[in-house]
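Proteins come first, then strands; the chains are lettered A, B, ... in the order of their sequence lines, and each starts at number 1. Being a predicted model, the structure only gives us computed values, none of them experimental.
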2 protein chains.
Amino acid sequence: MVVPIFPASPVTPPAGGIRSQTGADLRAIALTQFASVGFAATSLQNIADIAGFSKSSVLYHFASKEALLEQVLTPAIDQLEVVLDRFVTEPETIATRERFVDDFIDFLLEFRLELHTFINQAQSLRGIAIIDRAGLLIVRLAASICHDDASNEDRLRFGFALGGAAYSLVAGMTFLGEATLPDDDLRPALRTVMTELLAPVSVHPRPAHS
Amino acid sequence: MVVPIFPASPVTPPAGGIRSQTGADLRAIALTQFASVGFAATSLQNIADIAGFSKSSVLYHFASKEALLEQVLTPAIDQLEVVLDRFVTEPETIATRERFVDDFIDFLLEFRLELHTFINQAQSLRGIAIIDRAGLLIVRLAASICHDDASNEDRLRFGFALGGAAYSLVAGMTFLGEATLPDDDLRPALRTVMTELLAPVSVHPRPAHS
DNA sequence: ACAGGATCTGACCGATCGGTCAACTAGCCT
DNA sequence: AGGCTAGTTGACCGATCGGTCAGATCCTGT
């Protein structure tokens, strides 16, 4: 049920050097739970049961439930910051905006569960450091994509791109196709739709339906 | 903080005829809480405190927390069913599809909090009757908008329309403009974006940005 | 063999959860 | 006045919450 991630795990962990494998498992389990049933509705006991550990063991690896959330979301927020900084650093051209779309899609596909978590629960988790940091990043992102003179439509398109991606890549697939598309099939379609929403200068007209 | 809705309240409630004013207040408060912090994170005590009543009083008006959720969401689901039935009944033309978009936008604006609640929390609330009913409606909606031969892009557009609207109309505005747009300013922009996503035959090319 | 650190666990804590219940109040009809 | 009903409340219940703590266990370096 749970798909843990093994980032080049060494056979012999060098005595407390890198994060423990157990910790990585717990983070992966916590992420799926936070994204699917929500942070508030996920109990430490719940995570422990899935992982096959006791609740005390979870609290040995993470100081608190909030600390677990922070460690779960931090890599995604770091990567989003990288993508955004790369975009705002360079002069804005059609090419850089299109490359931003590609960077952003890579981010979406890699961190879809993290995005879904902090997009749809930011309201209730306000005050937690990583959530507030993510919120500021979203504001910066909106300001970079939509200029001061942006129309209501363009601001709305940005919101649709963000909320639509978070929904479609996680919950939406439950409704649409039962079998989730592999990422390689998803990417070109995602690129088309995201480009329509975020890169208005290069809208490709589509043929009429059927 | 809370903005209750008073739908043509009679001065003298006809002795148990219509729903009580207190019940309507509680439903409105519960809706804002469910939509903003989530069903699981909203306690009956929380609702009672905002309303100025005791928790026991809330449980006098509603048999349980789940029953409260059902009564809160039912009007929205009923209306969504009306909009969908109207669309699938008629032969599909460009005109009917565009009118569906208008109907759907009316639905979005009137029931944005309800939509946000069951779109973003359906996973964790599975098993509750009204949520399952809403889920089936969404599947029917997807099947009606996207035909069997619909491309991945079109299915993705439908997901973006649904998730994007739920996000943009509730949480998104917190990030974008601090001051929420009045509905009359929002509607034309919403119509443009939703039409691009849901009515592919009538995409209006947009002028290049700035 | 031994020591020591890392890991894991059950018992336990106060707080809060959703929900039940008996009692109280206030209006309304006869 | 007396009874009926709707509305409201505090006391209380078992369950679960996040979190603490004192050990048990296991592995490794010496």
Practice item. Find the distance A:D25:CG to C:dC8:P and express it as a whole number of Å. Key: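 Checked: the CG to P distance equals 10 Å.
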Review point. Nearest-Å distance, CZ (B:F53) to P (C:dT25)?
Key: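 For the pair B:F53 CZ and C:dT25 P, the rounded distance is 18 Å.
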Check your understanding: With the threshold set at 4.0 Å, does a side-chain nitrogen-carboxylate oxygen contact exist between A:R97 and A:D102?
Key ->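 No, A:R97 and A:D102 are not salt-bridged.
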Review point. Phosphate oxygens OP1/OP2 of C:dA6: is one of them under 4.0 Å from a side-chain N or O of A:H61?
Key: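 For A:H61, the contact criterion (side-chain N or O under 4.0 Å from OP1 or OP2 of C:dA6) is not met.
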Review point. Does OP1 or OP2 of D:dG7 have a side-chain N or O of B:Y60 closer than 4.0 Å?
Key: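 Yes, within the criterion.
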Exercise for review: Taking atom types as modelled, find out whether B:H116 and A:Q123 have a side-chain donor-acceptor pair closer than 3.5 angstrom.
Suggested key: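 B:H116 vs A:Q123: no donor-acceptor pair found between side chains.
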Review point. Is it the case that B:E92 and B:H147 place a side-chain donor and acceptor less than 3.5 Å from each other?
Key: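 There is such a pair (donor and acceptor under 3.5 Å, judged by atom type) between the side chains of B:E92 and B:H147.
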Point to revise | A:F34 vs A:L69 side-chain heavy atoms within contact, under 4.5 Å | key: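 Answer yes - side chains close enough.
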Review point. Could you state the interatomic distance from CZ (B:R187) to CG (B:L109), rounded to the nearest 0.5 Å?
Key: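 One gets 5.0 Å once the value is rounded to the nearest 0.5 Å.
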Review point. Should the ring pair B:F104 and B:F100 be called parallel, tilted or perpendicular, given that the plane angle runs from 0 to 90° and is split at 30 and 60?
Key: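 It falls in the parallel class, under 30°.
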Check your understanding: For nucleotides 10-20 of chain C, read 5' to 3', which letter fits each nucleotide if B means a protein heavy atom sits under 4.0 Å from the base, S means only the sugar-phosphate is that close, and - means neither?
Key -> BB-----SBBB
